[in-house]
J.: 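Can you keep this structure in mind? I'll have questions shortly.
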Amino acid sequence: MQRLVVWPSRLPAPLEEAVAALESRSERLTRPASPDEVLAQVDSGAAVVIFPDAAVAVGAASHDDVMRLISDLGAIADVSIVAVVSDAYLGIDVADIATPATAAAVISAMRSIAVRRGSTTRANAVCVPAGMVSDSGSQRGAMSRAVEPQHVASTVAFLTDPANSYISGQVLFVDGGRHLFSSMTA
């Protein structure tokens, strides 16, 4: 078990449930309010789980704030970073361009951190249905049932577990196969 830093402190209901499930798997979970507080609470061996789309959606940060935080986190040695983003960047159920831009940029930044800092920092992304981040969009994929918060929590726990420390730069889709309906993942 390890210390877990989760940001932002306020999330949409399905993601709050995922964080509650994660809390039981961590030594201590903290929920800083701002990107600066995140950086102040992260030290060697910590796991950081950020929800960039949710941070923008609830007004906790702008796209630029999110990207600055990710860049600063990538410079810290011996941390595990998992960004949970919506699948809106794939063009499924999308009406607003802001969320897709943030998700795509975050995935690119996580992969860049994995390449640049691979010997000391792990960076991965978990892509969830847009309906978990906002009221728009569906949560159903090819498996024809909604993604449960526990599915997201289990995936994040897997990626932050020190036993899986050789996994970095990956994007895992926790969407019941929903991403298969987009040409962006081919």
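All residue numbers refer to positions in the sequence shown, counting from 1.
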J.: Tell me which one of Val82, Val48, Leu22 satisfies side chain to side chain contact (heavy atoms under 4.5 Å, CB included) with Leu4.
T.: Leu22

J.: In chain order, what residues pass the salt bridge (Lys or Arg N to Asp or Glu O under 4.0 Å) check against Arg31, with sequence neighbours excluded?
T.: Glu16

J.: On a heavy-atom basis, which atom in Ile81 and which in Gly74 lie closest, and how many Å separate them?
T.: CD1-N, 4.1 Å

J.: With sequence neighbours excluded, what pairs up with Asp72 under the side chain to side chain contact (heavy atoms under 4.5 Å, CB included) test?
T.: Leu39, Arg68

J.: Please name all residues satisfying side chain to side chain donor-acceptor pair (under 3.5 Å) with Ser71, sequence neighbours left out, ordered by chain then number.
T.: none

J.: Check the hydrophobic clustering (I, L, V, M, F, W, Y; side-chain heavy atoms under 4.5 Å; chains of links allowed) and say if Val38 and Val58 are grouped together.
T.: no

J.: Quick one: list whatever passes side chain to side chain contact (heavy atoms under 4.5 Å, CB included) with Ser34, sequence neighbours left out.
T.: Asp36, Glu37

J.: With heavy-atom distances below 4.5 Å as the criterion, would you say the side chains of Ile70 and Val106 are in contact?
T.: yes

J.: Please list, one pair per line, the donor and acceptor atoms closer than 3.5 Å that link side chains of residues 123-132 to other protein atoms, with sequence neighbours excluded.
T.:
from   : atom 1 : to     : atom 2 : distance (Å)
Asn124 : OD1    : Gly169 : N      : 3.1
Asn124 : OD1    : Gln170 : N      : 2.9
Asn124 : ND2    : Ile167 : O      : 3.1

J.: Return the CG to CD1 distance between Leu69 and Ile50, rounded to the nearest 0.5 Å.
T.: 5.5 Å

J.: Tell me the closest heavy-atom pair linking Ala60 and Pro8, and the distance in Å.
T.: CB-CB, 3.8 Å

J.: Say you draw a straight line from CG of Leu73 to OG1 of Thr121; how long is it, rounded to the nearest 0.5 Å?
T.: 9.0 Å

J.: Using the side chain to side chain contact (heavy atoms under 4.5 Å, CB included) criterion, which residues pair with Ser154? Sequence neighbours excluded.
T.: Arg25, Gln150

J.: Under the salt bridge (charged side-chain N to carboxylate O under 4.0 Å, His left out) definition, can you give me all pairs with a residue in residues 152-165, not counting sequence neighbours?
T.: none

J.: Which heavy atom of Val147 sits nearest to which heavy atom of Gly176, and what is that distance?
T.: CG2-N, 4.1 Å

J.: Any idea which heavy atoms bring Ala21 and Ser24 closest together, and the distance?
T.: O-OG, 2.9 Å

J.: Ala33 and Trp7: which non-hydrogen atoms are nearest, and at how many Å?
T.: O-NE1, 3.4 Å

J.: Within a strict 4.5 Å, meaning less than it, do heavy atoms of the Thr155 and Phe173 side chains meet?
T.: no

J.: Quick check for you: to the nearest 0.5 Å, what is the distance between Leu11 atom CG and Asp53 atom CG?
T.: 11.0 Å

J.: Locate the shortest heavy-atom distance separating Met110 from Ala83; write the atom from each residue and the value.
T.: CE-N, 3.9 Å

J.: Output all residues satisfying side chain to side chain contact (heavy atoms under 4.5 Å, CB included) with Ser165, sequence neighbours left out; order by chain, then residue number.
T.: Arg122

J.: For the pair Val19 and Val49, evaluate side chain to side chain contact (heavy atoms under 4.5 Å, CB included) and give the outcome as yes or no after the intermediate values.
T.: CA-CA 9 Å; Val19 170; Val49 182; over 6 Å; no

J.: Can you tell if the side chain of Phe51 reaches within under 4.5 Å of the side chain of Val6, non-hydrogen atoms only?
T.: yes

J.: Less than 4.5 Å apart, side chain to side chain, heavy atoms only: is that true for Arg3 and Thr30?
T.: yes

J.: For Ala75, is there any backbone N or O sitting under 3.5 Å from a side-chain donor or acceptor partner on Arg117?
T.: yes

J.: Hey, what do you get for CG (Leu159) to OG (Ser168), rounding to the nearest 0.5 Å?
T.: 9.5 Å

J.: The criterion is salt bridge (Lys or Arg N to Asp or Glu O under 4.0 Å); which residues satisfy it with Asp78, sequence neighbours excluded?
T.: none

